Amino acid sequence: MPVKVVGVVGCGLMGSGIAQVCAEAGYDVIVSEVSGDLLKKGLGKIESFLARGVEKGKVTAEKKAEVLGRLQGTTSLEELSGCDIVIEAVVENLDVKREVYQVLDRVCAASTIFASNTSSLSITGLAAVTKRADRFVGLHFFNPVPLMKLVEVVRSPLTSAEAFAQALDFARSLGKTPVRSTDRTGFIVNRLLVPYLLDAIRAVEEGVGSVADIDEGMRLGCGHPMGPLTLLDFVGLDTTCYIADIMFDEFRERRFAPPPLLKRMVQAGLHGRKTGKGFYDYSQDPPKPVAGLI
Ligand code: CAA
Ligand code: NAD
């Protein structure tokens, strides 16, 4: 069945980007949040990204209006009942995601495909909550979604060949390049990226170099667009901590364990760009490393 209407659950960092690229690709999009305030904030992120695109000459004002016109917000999951595919991008917490899927499974048509944007949870475990495990896939987007070309398309042992092919086609229809992964914790990219990011935090803890020098080292020494500590602030330290906990639980290897500094920063509300402070303080331009972390 061709996809016409896309549902997105969660309009945070990732959900807002996913809703945006789906609307840009011409789909009608319904995006849900837990409250009117969070919905307004999430839709505001899309509006300002598109406005910056207009300023940069990358998007026309007409296209911006067209994209915004295809987006509809809701605070009720029930309103996603008419969607052909639902992409879930709520917090990286198994219980929260399970609850969402139980509602969606009840209200959506049997033909609706479910896709999780999870970074590290098991697609098989999430699919098992529903009665449509054959039509359940991972669609793992990268941050910032409107700019990053990759989507990991993940199949569980229960995903049908047909649903997997549809998910690959859907990712291509968004102008993304899909890679295929089996359902192993962290899939391809986070399996390699997360230990690197956590090691950068351990390097800070051990006083190997300053936050600024570790970032500069990896940017100029390895040609990365962002140093690891800037990237951690970008991803969100809360989200990274959830991911590390899940990966460590799966593999029981130190390289996946959340370092104490990460846990303390999350406890202190230093979640990165989204809270204004993480390894850097974003109230200043350019952002300055936060003092007194160790
Ligand atoms: N609308 C349209 N286009 C825009 C835009 C906007 N609002 N903002 C930027 N662009 C365009 C720019 O015009 C530019 O296009 P050209 O290349 O054609 O000139 C391009 O996007 C890049 O933008 P900038 O030059 O402003 O920014 P940059 O070069 O500093 O790149 C970045 C920004 C893409 C974020 C880059 O820093 C980067 O790649 N960082 C690393 C991101 C990364 O690693 N993400 C993965 C995180 S891990 C993850 O997501 C998985 C997980 O599970 C945790
Ligand atoms: P976020 O905290 O920015 O956004 C999550 C949003 O989900 C919040 O706004 C929250 O209010 C909302 N939410 C929670 N329960 C909900 C519900 N029942 N219904 C609707 N909305 C609900 O987190 P994020 O960074 O966008 O991460 C979302 C998912 O994407 C996670 O699974 C994460 O692992 C994954 N992911 C994150 C990144 C990243 O770089 N941050 C990259 C790829 C994948």
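Both ligands and their constituent atoms are indexed starting at 1 by order of listing. Computed from a predicted structure; not experimentally measured.
A salt bridge does not link Arg202 with Glu205: none of the charged nitrogens is closer than 4.0 Å to a carboxylate oxygen. Salt bridge annotation for Arg132-Asp105: present, with a cationic side-chain nitrogen under 4.0 angstrom from a carboxylate oxygen.
Under the 30°/60° scheme for interplanar angles, the aromatic rings of Phe114 and Phe136 are found to stand perpendicular. Relative orientation of the Phe170 and Tyr27 rings is tilted, given thresholds of 30° and 60° on the angle between their planes.
Closer than 4.0 angstrom to ligand 1 by heavy atom are Phe49, Arg52, Gly53, Lys56, Lys58, Ser119, His140, Phe142, Asn143, Pro144, Leu147, Met148, Asn190, Leu193, Pro225, Met226, Leu231, Val235, sorted by chain and number.
Checking Asp281 against Ser283 by side-chain atom types alone, a donor-acceptor pair falls below 3.5 Å. Under 3.5 Å, the side chains of Glu92 and Ser120 contain a donor-acceptor pair of N or O atoms.
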Pairs under 3.5 angstrom, nitrogen or oxygen on both sides, ligand 2 versus protein: list them out, please.
residue  : atom   : partner : partner atom : Å
ligand 2 : 3 (O)  : Leu13   : N            : 3.0
ligand 2 : 9 (O)  : Glu33   : OE2          : 2.5
ligand 2 : 11 (O) : Glu33   : OE1          : 2.8
ligand 2 : 11 (O) : Glu33   : OE2          : 3.4
ligand 2 : 26 (O) : Leu13   : N            : 3.4
ligand 2 : 26 (O) : Met14   : N            : 2.8
ligand 2 : 30 (O) : Asn117  : ND2          : 2.9
ligand 2 : 32 (O) : Val90   : O            : 3.3
ligand 2 : 32 (O) : Glu92   : OE1          : 2.5
ligand 2 : 32 (O) : Lys97   : NZ           : 2.8
ligand 2 : 34 (O) : Glu92   : OE1          : 3.0
ligand 2 : 34 (O) : Ser119  : OG           : 2.7
ligand 2 : 36 (N) : Ser119  : OG           : 3.1
ligand 2 : 40 (O) : Asn143  : ND2          : 3.3
ligand 2 : 41 (N) : Val235  : O            : 2.9

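Residues satisfying the side-chain hydrogen bond (donor to acceptor under 3.5 Å, both in side chains) test with Glu206, not counting sequence neighbours, are none. Scanning for ring pair (Phe, Tyr, Trp, His ring centres under 6.0 Å) contacts around Phe142 gives His140, with sequence neighbours left out.
By the neighbour-count criterion of 12 heavy atoms within 6.0 Å, atom CD of Glu162 is sparsely surrounded, having that number or fewer from other residues, nucleotides or ligands.
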